[in-house]
Number of protein chains: 2
Amino acid sequence: MNVSEALDILKENGYKHTTKREMFLELFSNERRYLTAKDVLEYMKPSYPGLSFDTIYRNLSVFTELGIVEETELDGEKHFRFSCSTKGHHHHMICLQCGKTNAIEACPMKDITPDEFMITDHKFEIYGYCQECQ
Amino acid sequence: MNVSEALDILKENGYKHTTKREMFLELFSNERRYLTAKDVLEYMKPSYPGLSFDTIYRNLSVFTELGIVEETELDGEKHFRFSCSTKGHHHHMICLQCGKTNAIEACPMKDITPDEFMITDHKFEIYGYCQECQ
DNA sequence: ATAAAATTAGGAATGATTCCGATTTACTTT
DNA sequence: AAAGTAAATCGGAATCATTCCTAATTTTAT
């Protein structure tokens, strides 16, 4: 995913182009790791001192719905990162300190034999510390 | 895990035996699925009308530390269930409606080749709906 | 029975997230 | 380019799960 792809997706789905949206996307494009709403606020604050959490969460929610960002929950807090795939389905190793990720290509669902559950989703994440944060 | 095992573990670790703790454990023993703090409160309320969330969370936290219950986060809310293993490491298929689980014996970590991350933990959960809740 | 330690009630505090009414902005049509 | 309208934003209040705090009570061990 990159900024102009993301802007196209927004346009296709009837969302307007705003300078704030572009700056959100640039942040995610530069920082290819999991960020919190607060991280986003701090990055934007110099340019938009009055930016509200409402705007951040509303946009992150739109981005997530459209597949522009991926969302996960770490330690009770939502984290978001630029969707890192045209490569399709994948999982992540995540640094609990800085949010950096490494992709894991293998998906454990391939070994699952169906039972009476109707499966809608799954999560496979590996947590730890990246080289810099150890 | 069963109630008397759990009580033994508590005693071994210097925690006192209280009637509330026993009732917590009985609930988890009867309902072998993921419950929220609110679920616990509602179950206990008839017997202990003044029971506070503080007591619930404090005990659930002790139980989790001692391995008596397992914890996970579903839709931004903590859920707890009686630890279902003397069988050691395992994962779960979880019903998003009622919290019922099916155990998954296979662990995807066996296929992970180490990289520069220092791995501390991992999560593999499959979400869906059990037969009754479909 | 007593003392020390642990637990509890009850409510207040926290912190992330969401909601809401009023205002501003981006896009469309004239 | 100006007007109209629908969406986006602001600012702050509300919500919700969870945690913290203190005085009072209960339990265990002596």
Over how many whole Å does the gap from [X] atom [atom1] to [N] atom [atom2] extend?
X: A:Lys45; N: D:dC10; atom1: NZ; atom2: P; value: 13 Å
X: A:Glu73; N: D:dA17; atom1: CD; atom2: P; value: 13 Å
X: A:Leu7; N: C:dC27; atom1: CG; atom2: P; value: 11 Å
X: B:Leu41; N: D:dA17; atom1: CG; atom2: C1'; value: 13 Å
X: B:Leu51; N: C:dT7; atom1: CG; atom2: P; value: 15 Å
X: A:Leu10; N: C:dC27; atom1: CG; atom2: C1'; value: 15 Å
X: A:Phe63; N: D:dA8; atom1: CZ; atom2: C1'; value: 12 Å

Short N/O separations, protein against nucleotides 13-16 of chain C, under 3.5 angstrom:
none

Legend entry - A:Ser47 to A:Met23 - nearest heavy-atom pair and separation: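 Where A:Ser47 meets A:Met23 most closely, the heavy atoms are OG-CE, 3.1 Å.
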
Inset, instruction - For residues A:Phe117 and B:Lys100, report the shortest heavy-atom separation together with the two atoms involved. - result: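 In this case the closest contact between A:Phe117 and B:Lys100 is CZ-O, 3.7 Å.
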
Inset, instruction - State the CG-CD distance between A:Leu7 and A:Glu5, to the nearest 0.5 angstrom. - result: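 Result: 10.5 Å between the selected atoms.
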
Legend entry - Charged N-O contact under 4.0 Å between B:Glu31 and B:Arg81: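 Between B:Arg81 and B:Glu31 there is no salt bridge, as every charged N stays at least 4.0 Å from the carboxylate O atoms.
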
Inset, instruction - Please determine if A:Lys38 and A:Glu77 form a salt bridge, counting it only when a charged side-chain N lies under 4.0 Å from a carboxylate O. - result: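 No, this pair does not count.
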
Legend entry - Within the 6.0 Å centroid threshold, strictly below: A:His122 and B:His91: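 Between B:His91 and A:His122, which both carry aromatic rings, the centre distance is not below 6.0 Å.
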
Inset, instruction - Describe the nucleic acid contact of B:Asn59 in one word from base, sugar-phosphate, nothing, applying a heavy-atom distance below 4.0 Å. - result: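 Sugar-phosphate contact only.
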
Legend entry - B:Tyr127 six-ring centre to A:Lys123 NZ/CZ under 6.0 Å and within 45° of normal: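 The answer is no, since A:Lys123 fails at least one limit relative to B:Tyr127.
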
Inset, instruction - Would you check if there is a donor-acceptor pair between the side chains of B:Thr72 and B:Glu125 at a distance under 3.5 Å? - result: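 Present: a donor and an acceptor within the cut-off.
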
Inset, instruction - Under 4.0 Å from any atom of DNA chain D, heavy atoms only: list the residues of residues 16-26 of chain B that qualify, in numerical order. - result: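 Listed by number, they are B:Lys16, B:His17.
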
Legend entry - Pair pattern of DNA chain C in dot-bracket, where unpaired bases get dots and | marks partners in another strand, Watson-Crick or G-U under 3.5 angstrom: ||||||||||||||||||||||||||||||

Legend entry - Toward the 5' end of DNA chain D, by each residue's nearest nucleotide, A:Asp54 or B:Phe53: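 In this pair, the answer is A:Asp54.
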
Inset, instruction - Would you please classify the geometry between the A:Phe24 ring and the A:Phe63 ring as parallel, tilted or perpendicular, with 30° and 60° separating the classes? - result: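 Correct class here is perpendicular.
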
Inset, instruction - May I ask you to decide if the ring planes of A:Phe124 and B:Phe124 are parallel, tilted or perpendicular, using 30° and 60° as cut-offs? - result: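 Perpendicular: the ring planes of A:Phe124 and B:Phe124 meet at over 60°.
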
Inset, instruction - Check whether any side-chain nitrogen or oxygen of B:Arg58 sits under 4.0 Å from OP1 or OP2 of C:dT8, and answer yes or no. - result: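 Yes, within the criterion.
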
Inset, instruction - Measure from the side-chain N and O atoms of A:Asp39 to the backbone N and O of A:Thr36, and report whether any donor-acceptor pair falls under 3.5 Å. - result: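 It does hold such a pair.
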
Inset, instruction - For the side chain of A:Thr55, starting at C-beta, report the closest nucleotide among C:dA9, C:dT7, D:dC10. - result: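 Closest nucleotide among those given: D:dC10.
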
